[in-house]
Amino acid sequence: MASSLRLRQSLRFSTAFAARSLLNMRFNRSNLIHTGRKTFGVQYAELEAAKERSTALEDPGTIAKLQMYALYKQATEGPCNIPMPSDAHDFMGRAKWQAWSSVGNISQNEAQKEYIDLINGLVGTEAPVKTEEAVGEASVFKDIKVTKGDNVFTILLNRPAKKNANSLLMYNEIIQALDQASKDDSVTVTVITGAGDYYSSGLDLDIFMNIQPKDIPMMAGKGRELLKQYVAAYVDFPKPLVAAVNGPAMGLAATTLGLCDAVYASDTAMFHWPFTDLGISLEGASSYVFPKIMGYAKANEVLLFNKKLTAHEACERGLVTEVFPHDNFQKEVQARIDYIAQLPPQSVMESKKLIRDQEREKLQKACEMECEVLEGRFVSEECTKAIMTFFSKKPRL
């Protein structure tokens, strides 16, 4: 509908322009030709200047990059004139084709204007979102920040500009950080939280855009092993593990909450597990944990049918321990962390082991089965189509 509206607007513009051109031609035909060329030259120069400015942008994300690509191609070449890549695993090629095709038949002139407006908007609204600086003990990590003090080990998901989307590096760094905390005798409790407004927006889908089709099977195999290690780091963590969910939590970041010992949430938090919407499958031992804590019907609603939960709904279903007003969230969580931190550490660890040992083998088996299925999903054409559909649903900037 939007493309049709733009096309009608373009046609009205073209008709009006033609009428004005005929009128002007009666008076000074040479001036019309000169003005026309000058106008195009100025706009083309602005287009190239906007393209140059786009290189200075902090990573604007896959959606914005696809929009930039599509509008620039439309502006310089016209409507999409190439076939869709035949390789189902060519995520980048198919995403570019779909983005360009979705622009429709708007004129090159209009596409130039939209491209320039898009770049100006991105440059004009891009506020520098700073990652948290390490305080006290220096952090050796890039995508997370680790701090320690008063028997508390804190892991901060530290990609606020990307809504703390989980990169492969972040997964590896969290594994390392949990291992450090487990071996540090001065640590009684470990806390995971997010920088900025999000806890985590889930897997960074840019991963799919930066891999060649021939490498998809290898990536899926490596991803399977990384996921097993990542979930095992939660399952086998011997000390109290607390999630402080400061904002929306999605995907694996939301499923691993079921492996934490306490989950405190801001009332601004939202929980979403869009696995089937993306053509993939369950992860984080959620196929075992969620039915156990929610019941099958309620678990199916979120895991199979992608239902989003508010913080209070997640609390009612047993995933969240307590919900606090956002303005008091940090204060309320800190009070509970301080209490846990002063408990006799060995007593807490041995008590946690008794609880976890009842479920450990079942959790490990669930994770193994999930990883095996997920590897197959990632190399499926259905997954590719679902991810492309996901990108196409994103609103224009």
Exercise. Partners of Y230 by ring pair (Phe, Tyr, Trp, His ring centres under 6.0 Å), sequence neighbours excluded?
Worked result: Y171, Y234

Problem set entry | Residues forming a salt bridge (Lys or Arg N to Asp or Glu O under 4.0 Å) with K307, sequence neighbours excluded | none

Exercise. Do you reckon L319 sits in the same ILVMFWY cluster as F324, going by side-chain contacts under 4.5 Å, direct or chained?
Worked result: no

Exercise. Taking everything shown except K298 itself, do over 12 heavy atoms lie less than 6.0 Å from its NZ?
Worked result: no

Exercise. Is E313 salt-bridged to R317, going by a charged N under 4.0 Å from an acidic O?
Worked result: no

Exercise. Considering residues at least two apart in sequence or located in another chain, which fulfil the salt bridge (Lys or Arg N to Asp or Glu O under 4.0 Å) criterion with E77?
Worked result: K73

Exercise. Under the criterion side chain to side chain contact (heavy atoms under 4.5 Å, CB included), which of L252, I280, V302 is the partner of F275?
Worked result: I280

Exercise. Is there a donor in the side chain of D184 and an acceptor in the side chain of S186, or the other way round, less than 3.5 Å apart?
Worked result: yes

Seminar exercise, completed: By salt bridge (Lys or Arg N to Asp or Glu O under 4.0 Å), R356 pairs with (sequence neighbours left out) none

Problem set entry | Partners meeting salt bridge (Lys or Arg N to Asp or Glu O under 4.0 Å) with D179 (sequence neighbours left out) | K183

For this session: Enter the distance from R53:CZ to I116:CD1 here, rounded to the nearest 0.5 Å.
Result: 8.0 Å

Problem set entry | Side-chain donor-acceptor contact under 3.5 Å, S266 with N246 | no

Exercise. Taking side chain as C-beta onward, heavy atoms only, is K142 less than 4.5 Å from E173?
Worked result: yes

Exercise. Could you walk me through whether Y72 and E48 pass the side-chain hydrogen bond (donor to acceptor under 3.5 Å, both in side chains) check?
Worked result: CA-CA 10 Å; Y72 188 82; E48 292 304 304; 2.7 Å; yes

For this session: Evaluate whether atom CD of Q342 has more than 12 neighbouring non-hydrogen atoms of other residues, nucleotides or ligands under 6.0 angstrom away.
Result: yes

Problem set entry | Minimum side-chain heavy-atom gap I192-L241 below 4.5 Å | yes

Exercise. In terms of side-chain heavy atoms, does N172 have a donor or acceptor partner in Q176 at a distance below 3.5 Å?
Worked result: no

Exercise. Out of curiosity, E375 CD to L227 CG, how far, rounded to the nearest 0.5 Å?
Worked result: 11.0 Å

Exercise. If you link I, L, V, M, F, W and Y whenever their side-chain heavy atoms are under 4.5 Å apart, who else ends up in the same group as L304?
Worked result: F305

For this session: For D236, look at atom CG and say whether over 12 heavy atoms of other residues, nucleotides or ligands are found less than 6.0 Å away.
Result: yes

For this session: Taking all heavy atoms of C383 and all of G279, pick out the closest pair and write down the distance.
Result: CB-O, 3.7 Å

For this session: Apply side-chain contact (heavy atoms from CB on, under 4.5 Å) to V187 and K148, showing your working.
Result: CA-CA 8 Å; V187 172; K148 187 180 67 171; 3.8 Å; yes

Exercise. Roughly how far, to the nearest 0.5 Å, is CD1 of I155 from CD of Q180?
Worked result: 8.5 Å

Could you tabulate the donor-acceptor pairs under 3.5 Å formed by side-chain atoms of residues 363-374, not counting sequence neighbours?
{"unit_1": "E368", "atom_1": "OE1", "unit_2": "K228", "atom_2": "NZ", "d": "3.1"}
{"unit_1": "E368", "atom_1": "OE2", "unit_2": "R224", "atom_2": "NH2", "d": "3.2"}
{"unit_1": "E370", "atom_1": "OE1", "unit_2": "G284", "atom_2": "N", "d": "3.2"}
{"unit_1": "E370", "atom_1": "OE1", "unit_2": "A285", "atom_2": "N", "d": "2.7"}
{"unit_1": "E370", "atom_1": "OE2", "unit_2": "S286", "atom_2": "N", "d": "3.2"}
{"unit_1": "E370", "atom_1": "OE2", "unit_2": "S287", "atom_2": "N", "d": "2.9"}
{"unit_1": "E370", "atom_1": "OE2", "unit_2": "S287", "atom_2": "OG", "d": "2.6"}

Problem set entry | Close side-chain approach of E110 and Q74, heavy atoms under 4.5 Å | no

Problem set entry | Geometric cation-pi criterion, K362 with Y288: 6.0 Å, 45° | no

Exercise. Got a second to check how far L157's CG is from K145's NZ, nearest 0.5 Å?
Worked result: 12.0 Å

Exercise. Any side-chain donor paired with an acceptor under 3.5 Å for N164 and S201?
Worked result: no

Problem set entry | Smallest separation among heavy atoms of V323 and A311, with atom names | CG2-O, 3.5 Å

For this session: Over all heavy atoms of both residues, which pair between Y199 and A244 is shortest? Give the atoms and the distance, please.
Result: CD1-O, 3.7 Å

For this session: Under 4.5 Å between side-chain heavy atoms, chaining through other members, with only Ile, Leu, Val, Met, Phe, Trp and Tyr counted: pull out the rest of the cluster around M250, sorted by chain and number.
Result: Y198, M270

Exercise. Is D204 salt-bridged to R159, going by a charged N under 4.0 Å from an acidic O?
Worked result: yes

Exercise. Is V152 reachable from F141 through a run of hydrophobic residues whose side-chain heavy atoms are each under 4.5 Å from the next?
Worked result: no

Exercise. Taking C-beta and beyond as the side chain, do D261 and F237 meet within less than 4.5 Å on heavy atoms?
Worked result: no

For this session: Could you state whether Y264 and L309 fall into the same hydrophobic cluster, counting links through intermediate Ile, Leu, Val, Met, Phe, Trp or Tyr residues with side-chain heavy atoms under 4.5 angstrom apart?
Result: no

Seminar exercise, completed: For F290, the ring pair (Phe, Tyr, Trp, His ring centres under 6.0 Å) test, sequence neighbours excluded, returns W273

Exercise. Taking all non-hydrogen atoms of both residues, which atom of A220 and which atom of V379 are closest, and how far apart?
Worked result: CB-CG1, 3.9 Å

For this session: Apply side-chain contact (heavy atoms from CB on, under 4.5 Å) to V348 and list each qualifying residue two or more places apart in sequence or on a separate chain.
Result: P240, L343

Problem set entry | Partner set under ring pair (Phe, Tyr, Trp, His ring centres under 6.0 Å) for F329, not counting sequence neighbours | none

Problem set entry | Listed partners of N151 passing side chain to side chain donor-acceptor pair (under 3.5 Å), at least two apart | none

Exercise. When E332 is tested against each of R336, Q334, Q330 for side-chain hydrogen bond (donor to acceptor under 3.5 Å, both in side chains), which residue passes?
Worked result: R336

Problem set entry | Spatial distance of atom CE (M349) from atom OG (S347) [nearest 0.5 Å] | 11.0 Å

